[in-house]
Amino acid sequence: MRTSKFGVELKTFSAPPLNVAGKKLTFQSQALTIRLPFYGWVWNRPVAVLVEQGDGSASLEPPQRIPIIDVTRLTLIGIGILAGCISIAVSVRAARKKG
Amino acid sequence: MENKQNAFVASLVKTQEQGMELMDKLALTARPEAVFGPPATHGDYTVITSSEVMSGLGFGFGGGSGPAGTPADEEEQPQEQTTPSDKIASGTGGGGGGYSAARPVAVIVVSPQGVEVKPVFDLTKVALAWITAVASIFYTLGQIRRVGRRR
């Protein structure tokens, strides 16, 4: 059975809650899906964990949201930006010297 | 002849349907269950891994039909009178490829002290990116100097 249409879709999903050590954990992930007639691509990454005390039914407090930060990706983006800035600075400096 | 054409079209449709079913299975990668691992408990501590998952899939198919050629044996001993238009040969084919990759992002630790998310730092990946970045900066510098000398 075909479930989805062609196109690009960015969606946040929540997994069924999991009870661990008296805490109710709900895992959230974000998926980027590209569907073309003969091609498909999915990038799925963890986003956050929602923590509720107890079974979550008696608690009136909102669930605590703990974000999952991808340190490696942030570092890679930082390196990319730094390298780009250095390259541009070097090019500008060289152009000024000639001028 | 009509039966053969119908069979040919049916096989094409079947191949396309199989490809689309495969594409639907790819959607399973988008579920949170693909990202978060099953909890592993030891004493008071429970550990759950979380990874980034990436997968891709591509496929293609095609087919064709045309008048069938006459084999050498049939040319020598014709058993029945047939015109070339009576015999039609057809064929279909398809192919595809895919990949899937996962990288650990963080470990979720549930302990009596609370819930902690401990990030996983991929030093190898960062080191490779750093080396590539430094190399590209030196390459840019080299190109600028070379152009400067020519002028």
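Just so it is clear, the model here is predicted, and its values are computed rather than measured. Letters A, B, ... are given to chains in the order of the sequence lines, protein chains preceding strands, and every chain is numbered from 1.
Residues E52(A) and P62(A) fail the side-chain proximity criterion, which asks for heavy atoms closer than 4.5 Å. Y45(B) places a side-chain heavy atom less than 4.5 Å from the side chain of Q113(B). The closest side-chain heavy-atom distance from S51(B) to V105(B) is not below 4.5 Å. Inter-residue side-chain proximity for N19(A) and K23(A) is flagged as unmet; no heavy-atom pair is nearer than 4.5 Å. Looking at heavy atoms from C-beta onward, V134(B) lies in side-chain contact with F138(B) at the 4.5 angstrom threshold. Put simply, the side chain of I108(B) reaches to within 4.5 Å of the side chain of F27(A), judged on heavy atoms. Residues Q64(A) and I66(A) form a side-chain contact, since some pair of their non-hydrogen atoms from C-beta on lies under 4.5 Å apart. Here the side chains of P63(A) and T26(A) are not in contact, with every heavy-atom distance at 4.5 Å or above.
When heavy atoms are compared at a cutoff of 4.5 Å, T132(B) does not approach chain A at all. Of the two parts of Y99(B), only the side chain, counted from C-beta on, holds a non-hydrogen atom closer than 4.5 Å to a non-hydrogen atom of chain A. For a residue to count as touching a neighbouring chain, one of its non-hydrogen atoms must lie under 4.5 Å from one of that chain's; by this rule S55(B) touches chain A with backbone and side chain alike. For L123(B), no part lies under 4.5 angstrom from a heavy atom of chain A. With a threshold of 4.5 angstrom between heavy atoms, V42(A) approaches chain B through its backbone and through its side chain. Residue F61(B) touches chain A through its side chain alone, counting heavy-atom pairs closer than 4.5 Å. Of the two parts of I137(B), the backbone and the side chain both hold a non-hydrogen atom closer than 4.5 Å to a non-hydrogen atom of chain A. Heavy atoms of T33(A) lying under 4.5 Å from chain B belong exclusively to its side chain. In this structure, chain A has a heavy atom under 4.5 Å from the side chain of V110(B), while its backbone stays farther away. Only the backbone of S111(B) comes within contact range of chain A, judged by heavy atoms closer than 4.5 Å. Contact of S14(A) with chain B is made through the backbone alone, with heavy-atom distances under 4.5 Å. Only the backbone of Q28(A) comes within less than 4.5 Å of a heavy atom of chain B; no side-chain atom from C-beta onward does. Proximity to chain B is limited to the backbone of A48(A), based on heavy atoms less than 4.5 angstrom apart. R103(B) touches chain A through its side chain: at least one heavy atom from C-beta onward sits under 4.5 Å away, while N, CA, C and O do not. Looking at L76(A), only its side chain comes within 4.5 Å of chain B, counting heavy atoms on both sides. Neither the backbone nor the side chain of L32(A) has a heavy atom closer than 4.5 Å to any heavy atom of chain B. Looking at F36(B), the atoms closer than 4.5 Å to chain A (heavy atoms on both sides) all sit in the side chain, from C-beta outward. For a residue to count as touching a neighbouring chain, one of its non-hydrogen atoms must lie under 4.5 Å from one of that chain's; by this rule A83(A) touches chain B with backbone and side chain alike. If you measure heavy-atom distances from L25(A) to chain B, the contacts under 4.5 Å come from the side chain alone.
Ranked by heavy-atom pairs under 4.5 Å with chain A, the first of I144(B), T29(B), T140(B), V53(B) is V53(B). Between chain B and the options I86(A), I79(A), T75(A), the largest number of non-hydrogen pairs under 4.5 Å is found for I79(A). By number of non-hydrogen pairs under 4.5 angstrom with chain B, the leading residue of S29(A), A15(A), P67(A) is S29(A). Per-residue heavy-atom pair counts under 4.5 Å with chain B were compared for V71(A), D70(A), V49(A), and the maximum is reached by D70(A). Chain A forms more heavy-atom pairs under 4.5 Å with one residue of T41(B), I48(B), D44(B) than with any other, namely I48(B).
In summary, R73(A) and E52(B) engage in a salt bridge, as defined by a charged side-chain N under 4.0 Å from a carboxylate O.
At a cut-off of 3.5 Å, with distance as the only test, no side-chain donor of Q30(A) or W43(A) sits close to an acceptor on the other residue.
Going from atom OG1 of T49(B) over to atom NZ of K118(B) covers 14.5 Å, rounded to the nearest 0.5 Å. Distance check, rounded to the nearest 0.5 Å: CD of Q143(B) to CZ of R146(B) gives 5.0 Å. For the atom pair CG (L10(A)) and OG1 (T12(A)), the distance works out to 6.0 Å, reported to the nearest 0.5 Å.
Using modelled atom types, one side-chain atom of T72(A) and one backbone atom of V120(B) make a donor-acceptor pair closer than 3.5 Å.
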